There are 2 protein chains.
Amino acid sequence: MLKLTKTVEYALISMNYIENNSNGKPVSAKSISDQFSIPEELLAKVLQKLVKYKMLESVRGPYGGYKIKTSTKNTNLVYLIESLEGPIGIVDCSISNDCSLLDSCNIKSPIDSINQNIKSVFEKTTLKDIIKGI
Amino acid sequence: MLKLTKTVEYALISMNYIENNSNGKPVSAKSISDQFSIPEELLAKVLQKLVKYKMLESVRGPYGGYKIKTSTKNTNLVYLIESLEGPIGIVDCSISNDCSLLDSCNIKSPIDSINQNIKSVFEKTTLKDIIKGI
DNA sequence: TTATATACGACTAAACTAGTCGTATATTTA
DNA sequence: TAAATATACGACTAGTTTAGTCGTATATAA
Ligand code: SF4
Ligand code: SF4
């Protein structure tokens with residue numbers, strides 16, 4: 001409950017590792033997977049999504065791999081998480097309005113408020129914070 | 001991801017409903033289950049846990065049910081959630097120290113900080129806030 | 001041309017969450 | 001004291017989500 005997914009953790013670990021081990025050269029999925037014992041195919045899919053959403057760029061072929069896009073170091077975690085996992089919300093109705101209790105629900109308003117506070121924690125944290133360590 | 005469980009939602013809905021429909025008399029699980037179309041046995045188990053952790057008190061037999069313990073209106077949501085679901089933590093290592101990456105992990109420190117911020121959102125919210133609506 | 005590495009979708013396994021069932025116990029009222 | 005009502009509690013099943021695997025295609029350096 002209230003957990004991040006491994007996908008998100010792998011993304012953050014990778015961004016940090018790439019930033020600190022790149023020197024301008026691309027870092028391969030394999031090298032990250034070795035370093036942290038993350039299943040290679042799984043990690044590759046995560047990195048590919050980060051490329052899709054412009055947080056990394058990729059270089060194919062031998063000596064290829066992934067590089068950080070410096071322009072996205074100010075990206076906040078809501079963007080990263082939602083890119084990987086879809087909308088953040090602590091209950092169904094904060095995402096989709098399809099809860100069957102919606103009409104009778106007596107806690108929606110305070111829950112919405114909590115949800116907003118949770119989101120703002122992730123909004124205030126940027127990739128820069130993760131890459132440096134706080 | 002980052003979702004509350006139905007158990008927690010049912011607990012909050014029930015506390016709110018009991019508070020506003022009690023008039024000193026106990027409110028039965030059945031009546032709450034009817035009102036919100038929550039499976040009766042499931043709800044009963046949730047309410048029983050709330051009794052176990054002193055947020056409700058129960059009255060057995062006909063005309064029985066559950067009453068709010070006024071002393072616990074200042075209870076915060078960390079206490080309620082952890083009573084029902086165990087320790088709150090956005091990653092494994094914020095709960096149990098048994099992550100296999102613990103030694104090599106390069107994001108533990110910033111993640112710990114985020115985790116603390118998330119917990120404090122729930123710490124700052126009390127049952128009073130939920131019962132009234134914010 | 002070969003080896004390396006990303007790209008992408010389909011599939012399986014494992015874990016967690018939600019819901020059900022059966023039985024026991026307490027208490028009110030007739 | 002019998003019957004009806006309602007909580008107490010543990011075991012079990014079903015459903016959903018998360019994690020991980022596999023197969024195939026494509027790009028590129030040497
Ligand atoms: S409407 Fe109420 S019960 Fe349904 S998801 Fe929202 S908060 Fe939860
Ligand atoms: S040690 Fe790192 S990888 Fe493991 S749970 Fe903690 S933050 Fe996640």
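Lettering follows sequence order; numbering is per chain, from 1. Predicted model only: the values in this text are computed from it and were never measured.
- Shown are A:Ile131, A:Thr7, A:Leu77, A:Ile81; of these, the side-chain contact (heavy atoms from CB on, under 4.5 Å) with A:Leu12 is made only by A:Leu77.
- Here D:dA19 presents its C1' atom at 14 Å from CD1 of A:Ile13, a figure rounded to the nearest Å.
- Using a cut-off of 4.0 Å between Lys/Arg side-chain N and Asp/Glu carboxylate O, A:Lys119 and A:Glu82 are scored as salt-bridged.
- Protein atom CD of B:Glu57 is 18 Å distant from nucleotide atom P of D:dA6, rounded to whole Å.
- Where B:Leu4 and A:Gly64 meet DNA chain C, the nucleotide closest to each residue was compared, and A:Gly64 sits on the side nearer the 5' end.
- Using a 4.0 Å cutoff to heavy atoms of chain A, the contacted part of DNA chain C runs 5' to 3' from C:dA3 to C:dT17.
- One N or O donor and one acceptor, one from the side chain of A:Arg60 and one from the base of D:dT26, sit under 3.5 Å apart.
- Checked by atom type and distance alone, the side chain of A:Asn117 never pairs as donor or acceptor with a backbone atom of B:Val121 at under 3.5 Å.
- Atom-to-atom, CD1 of A:Ile81 to C1' of D:dT18 comes out at 15 Å; the value is rounded to the nearest Å.
- Under the 4.0 Å criterion applied to side-chain N and carboxylate O atoms, B:Asp92 and A:Lys3 are assigned as salt-bridge partners.
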Inset, instruction - Would you sort out whether A:Asn74 and A:Lys128 count as a side chain to side chain donor-acceptor pair (under 3.5 Å), showing the intermediate values? - result: CA-CA 6 Å; A:Asn74 292 311; A:Lys128 216 183 293 174; 2.7 Å; yes

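- Of the residues near DNA chain C, B:Thr5 and A:Lys45, the one whose nearest nucleotide (by heavy atom distance) lies more toward the 5' end is A:Lys45.
- Closest to the side chain of B:Met1, from the set D:dT18, D:dG20, D:dA29, is D:dT18.
- Rounded to a whole Å, the CD atom of B:Glu41 is 14 Å from the P atom of D:dA6.
- Residue B:Glu40 is the one, among B:Glu40 and B:Lys3, whose nearest nucleotide of DNA chain D lies closer to the 5' end (criterion: closest heavy atom).
- A:Phe36 and A:Tyr17 have their aromatic ring centers within a separation under 6.0 angstrom.
- Taking the nucleotide of DNA chain D with the nearest heavy atom to each of A:Tyr10 and B:Tyr63, the more 5' of the two is matched to B:Tyr63.
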